[in-house]
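Read through the structure below, which is laid out as structure tokens, and then see the notes.
Both counts, for ligands and for their atoms, begin at 1 and track the order of listing. This is a predicted model, so every value here is computed, not measured.
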Amino acid sequence: MYNYHAFLIKYAEIGIKGKNRYLFEDALVGQVEKSLVKVEGHFKVFKQPGRVFVEAKGEFDFDGAVEALKRVFGIEYICPVYIVPSLDMDVIYKGVVDHIGEAYPDEHFTFKVLVKRANKDLAKTSPEIAAELGELLLSKYSDRLSVDVHNPDRFIRLEIRDRGYIYSDQIKGACGMPVGTAGKAMCLLSGGIDSPVSTYMIARRGVKVEAVYFHAPPYTSERAKQKVVDLAKIVARYTGTIKLHIVNFTDIQLSIYQKCPHDELTIIMRRYMMKIAEELAKKNDCLALVTGESIGQVASQTMQSLLTTNAVCTLPVYRPLIAFDKQDIVDISQKIDTFETSIQPYEDCCTIFVAKHPVTKPTLERIEKSEIKLNDNIDELYKKAIETEEIVICEAE
Ligand code: ATP
Ligand code: MG
């Protein structure tokens with residue numbers, strides 16, 4: 001394969017951010033640099049108007065770099081680019097012709113040349129340059145190249161900036177916004193399929209994420225906890241390092257089990273999870289909670305149940321999957337590589353004390369009335385759960 005030494009990064013929505021655009025560009029540069037830390041090679045990442053470039057010095061792991069860049073939110077396209085270090089048009093033309101010959105040897109294709117001039121000092125206009133280049137390519141490779149301006153097999157793109165940048169292939173990026181441009185959220189992360197996907201999706205909008213997991217030892221095992229840590233590490237490939245708060249929920253859960261109607265267990269338990277998550281969120285400067293809920297998926301996710309759960313929160317609760325079908329969620333979890341870990345069969349604290357017939361249409365009045373029975377010691381248990389939290393820093397491996 002042809003040896004490229006640089007990438008031209010086209011960014012997604014950052015382009016429309018007006019005066020604050022540089023903040024988004026700087027965040028993107030930072031995220032791109034971070035993503036390449038573990039990739040073999042030395043890279044220089046820099047901005048140019050409307051673009052970010054990654055230039056490798058010497059040998060580097062091309063596939064590893066592409067894989068890493070595909071995980072950076074904010075990138076729409078990753079374009080392997082060939083650089084001609086000159087602004088002399090004859091040198092650039094020769095560079096394009098030679099490059100196309102080397103990058104696509106023996107390949108037959110139709111093409112269209114697209115030229116963009118960031119450097120307006122040049123005597124020729126972009127269409128003039130495109131026409132001249134087209135002619136040159138045709139005369140040099142007349143046996144295998146032809147022009148098709150409507151539906152070409154390949155666009156041959158030339159951007160003239162401080163130098164000439166030539167590229168043709170565009171690899172689709174993750175889109176969204178660079179992490180760190182939107183504030184921080186606390187994501188409720190269980191070992192299931194949905195919450196890693198919702199965490200990924202909120203981060204894709206530029207949100208920095210922390211996570212909280214509730215476990216109930218000895219009813220839930222060490223292995224179930226490890227599964228959540230493993231999931232957080234996979235999601236961290238996209239979001240950057242995740243601070244995971246692990247909260248011991250056993251006493252609260254047992255108390256609810258002993259004192260409240262069993263068909264309301266899940267709802268009351270979920271209300272306590274949300275309350276604790278909110279307290280941790282506020283302590284850690286998070287502006288919202290995030291869950292993997294989807295309307296109607298289970299009894300605790302009917303609209304009535306969601307209303308009852310939501311009522312304990314003062315922070316906004318974002319539910320990126322609220323209108324998604326299960327299969328759509330599964331498709332994303334496969335794409336981001338969390339699926340295989342999510343389906344490992346370890347118990348979850350939501351499943352150990354479940355009622356056979358949980359309420360599907362709880363009312364706030366009824367639930368609040370049931371919760372009065374917890375009053376003798378719930379504040380104490382709640383405080384202890386927060387005080388004894390364990391923190392695991394989950395980094396991508
Ligand atoms: P998931 O696949 O994310 O576990 P689920 O379909 O199993 O979702 P529920 O168990 O009802 O659904 O949980 C709904 C949401 O509540 C989850 O997506 C997650 O955000 C949060 N949640 C549930 N259990 C826990 C837990 N033990 N720790 C942290 N958050 C949890
Ligand atoms: Mg679950």
Short question: side chain of Lys282, backbone of Ala277 - any donor-acceptor pair under 3.5 Å?
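No; judged by distance alone, with no hydrogens or angles, the pair does not exist.
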When you measure from the side chain of Lys10 to the backbone of Ile75, do you find a donor-acceptor pair of N or O atoms at a distance under 3.5 Å?
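Checked: no pair found.
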For ligand 1, which is the ligand I care about here, please tell me if [X] has any N or O atom under 3.5 Å from one of the ligand's N or O atoms.
| X | value |
| --- | --- |
| Ser190 | yes |
| Val298 | no |
| Leu188 | yes |
| Met273 | no |

For [X], which part has a heavy atom under 4.0 Å from ligand 1: side chain, backbone, both, or neither?
| X | result |
| --- | --- |
| Ser195 | both |
| Thr266 | neither |
| Gln297 | side chain |

Inspect the surroundings of CG in Asp106 and state if more than 12 heavy atoms from other residues, nucleotides or ligands are less than 6.0 Å away.
no
Could you check whether Asp98 pairs with Lys94 (Lys NZ or Arg NE/NH1/NH2 to Asp/Glu carboxylate O, under 4.0 Å)?
yes
Give the atom numbers and elements of ligand 1 that come within less than 4.0 Å of a heavy atom of [X].
| X | answer |
| --- | --- |
| Thr291 | 20 (O) |
| Ile193 | 2 (O) |
| Gly292 | 17 (C), 18 (O), 20 (O) |
| Val212 | 29 (C) |

What pairs with Lys233 under side-chain hydrogen bond (donor to acceptor under 3.5 Å, both in side chains), at least two apart in sequence or on another chain?
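Expected list: Glu397.
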At the 4.0 Å heavy-atom cut-off, does His215 count as touching ligand 1?
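The answer is no: ligand 1 sits nowhere under 4.0 Å from a heavy atom of His215.
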I'd like the name of whichever of Lys225, Arg270, Gln301 reaches closest to atom 21 (C) of ligand 1 through any heavy atom.
Arg270
Is there a chain of hydrophobic side chains (I, L, V, M, F, W, Y, each step under 4.5 Å between heavy atoms) that links Tyr318 to Leu188?
no
Compare every heavy atom of Arg271 with every heavy atom of Ala311, then report the nearest pair and how far apart it is.
CB-NH1, 4.2 Å
Hey, are the side chains of Thr341 and Lys227 touching, using non-hydrogen atoms and a 4.5 Å cut-off?
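In contact.
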For Tyr82, enumerate each residue passing the ring-ring contact (aromatic ring centres under 6.0 Å, His included) test, keeping only those at least two apart in sequence or located in another chain.
His99
